[in-house]
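Here is the naming used below: chain letters follow the sequence lines, and residue numbers restart at 1 for every chain.
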Amino acid sequence: MEVGIVGYGVYIPLYRIKVEEIAKVWGADAERIKRGLFLEEKSVPGPDEDTATIAVEAARNAVKRAGINPQDIGAIYVGSESHPYAVKPTATIVAEAIEATPDLTAADYEFACKAGTAGIQTCMGMVGAGMIKYGMAIGADTAQGAPGDPLEYTASAGGGAVIVGKDGSQCLAAIEDTYSYTTDTPDFWRREMRPYPKHGGRFTGKPAYFKHVLSAAHGLLRKLQLAPQDFTYAVFHQPNGKFPLQAGKELGFTKEQIMSGLLTPKIGNTYSGASMIGLAAILDQAKPGDRILVVSFGSGAGSDAFSILVRDGIEAKRDAAPMVADYINLKINVDYATYTKFRQLLVR
Amino acid sequence: MGVPRFWREIPNRYNLIGTRCGTCNKIFFPPRYICPSCRRTGKLEPYKLGGKGKIVSYTVTYVAPNGFEDQAPYVMAIIELDEGPKLTAQVTDCSPGQVRIGDRVEMVFRRMGQEGEDGPIYYGYKFRLA
């Protein structure tokens, strides 16, 4: 397709809450939950953070790594299910904060946890068609889980940004191809004016996550005539730590191929950020020539699969911005009371 | 704060765009439009500050104004930027006990406030320990 990744960046908030802290409040068995979800703790946004601030930090890191003039960015798409405004695009705030305005197009996307990768596909099309020089796609969220709902253990905050450009010496990775699989599957939703999403419990598994992730991955492998052993790494959307390992196993990937991009056990499910931060963690350590499979999943439901081939340019750009591990290792753990204050769950 | 006033200040608040006098090279933040030294011979032009500096002094706010209660206690500091100008900003992502005069800080993009539940959200610079 002759498009590639020119730069990438992530942001993960400083604060964390452990499964034990949440389980204690609801009288649940923390060890069982940790085993069941394969998760230790999740990231928590600070009281002055939201999807826009997370998206801006990730975007600034991506621009640093790309080393491009932000005025050359012709499109910005921000995918999220927790945009701070119902009407007023987060993408405009990001565009202004990275000094890409005013000669660009910008919009917000929403497709549960895969809105960020939908943005990558849009940018691929626009760059490939010659409409723009560079396009930026961001997946960022401050995910909402109702107090006491199983989602509360996983719904976290973070974001990833990718700058797409023509494949060439400037690229740190080529995007070989993409394939999407979409159906009308009501596994998880949030109605207008409602603060928290609802979900179909176990229905979110087999007919939703697994059906779409596996179908998208199979579709891409078939299209490119590739097999799991042709990939060095694979990253799947990670609503918990268990699903991506199970999906990878069913596709024929080994645990070693998946573990580098599996971050949910340490930061929870960053929703739109999840597969993009997973990809970034892999790019942080990949070598030129490595091939990466990325499969996102958004409830409702759909999956976008990408085959990414790492280029020589990765070595020169990698250290230009903080890595995923830098953000994961820098943390402050908070108790449930502080968490509820930060999330504005307390009523005065 | 009115929407137009905030909108006018977006370049300063999002990206620390100040001004520099082309005659004496002095840098100003917030931006000045007349150089106090060079007066009418001054040539002021936009200048982007790097967002790194050190804490010159600070105070801890325990009794916060409306809208900031969830962040108390928080640190407000006078920060000297590497290019010279000093500004007042909140030091976020830290507890008051962590902050010392002379600490290095870097700019981050954060929510500054909002006009109630229905009004606009204001974003801008805060700093965190580097």
Side-chain angles (χ1 to χ4, degrees), chain A residues 11-16 43-61 63-64 70 83-90 92-102 140 142 159 193 195 322 327 330-332 334 337-348, chain B residues 3 6-17 46-52 61 64-76 89-99 106-130:
Chain A
Y11 179 78
I12 301 162
L14 178 71
Y15 300 101
R16 305 280 184 278
S43 62
V44 177
D48 55 1
E49 291 185 299
D50 63 19
T51 293
T53 66
I54 289 170
V56 166
E57 294 288 344
R60 284 179 171 168
N61 284 335
V63 171
K64 272 187 215 163
H83 290 289
Y85 287 98
V87 179
K88 166 84 179 85
T90 308
T92 58
I93 299 165
V94 174
E96 201 70 57
I98 62 167
E99 296 178 278
T101 54
T142 52
M193 313 290 283
Y327 282 113
L330 191 67
K331 61 169 186 167
I332 294 174
V334 295
T338 308
Y339 164 74
T340 54
K341 189 176 87 163
F342 281 4
R343 300 296 285 133
Q344 278 106 46
L345 299 174
L346 299 173
V347 179
R348 284 175 208 280
Chain B
V3 170
F6 178 81
W7 172 76
R8 272 196 299 274
E9 292 175 356
I10 278 179
N12 332 342
R13 289 175 181 272
Y14 283 17
N15 283 308
L16 289 178
I17 309 283
Y47 184 86
K48 186 177 179 180
L49 292 145
K52 293 187 190 300
T61 303
N66 286 345
F68 293 85
E69 302 93 333
D70 290 346
Q71 296 177 51
Y74 58 85
V75 176
M76 292 298 296
Q90 185 179 337
V91 182
T92 188
D93 279 357
C94 68
S95 57
Q98 287 176 272
V99 176
E106 61 186 4
M107 184 189 73
V108 289
F109 187 82
R110 294 296 167 100
R111 274 173 93 115
M112 308 292 286
Q114 60 180 12
E115 298 274 339
E117 289 298 308
D118 298 332
I121 304 165
Y122 300 133
Y123 295 94
Y125 60 80
K126 291 188 181 181
F127 284 75
R128 71 175 165 215
L129 297 172

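The minimum heavy-atom distance linking B/Tyr14 with A/Arg60 is given by the pair O-NH2, 2.7 Å. Minimum heavy-atom separation, B/Phe109 to A/Ile93: CZ-CG2, 3.8 Å. What you find for B/Arg110 and A/Tyr11 is that their closest heavy atoms are NH2-OH, 3.0 Å. The shortest non-hydrogen separation linking B/Ala72 to A/Lys341 is O-NZ, 3.4 Å.
Expressed to the nearest 0.5 Å, how far CD of A/Glu96 lies from CZ of B/Arg13 amounts to 14.0 Å. Going from atom OH of B/Tyr123 over to atom CG of A/Asp48 covers 11.0 Å, rounded to the nearest 0.5 Å. Put simply, CG on A/Leu14 and SG on B/Cys94 are 9.5 Å apart, with the number rounded to the nearest 0.5 Å. Atoms CD and CG, from A/Glu99 and B/Asn15 in turn, are 4.0 Å apart once rounded to the nearest 0.5 Å. Taken to the nearest 0.5 Å, the CD atom of B/Gln98 stands 5.5 Å off from the CD1 atom of A/Ile332.
Contacts of B/Ile121 with chain A are made by both backbone and side-chain atoms, with heavy-atom separations under 4.5 Å. In this structure, the portions of B/Pro120 lying under 4.5 Å from any heavy atom of chain A include both its backbone and its side chain. Neither the backbone nor the side chain of B/Gln114 comes within less than 4.5 Å of any heavy atom in chain A.
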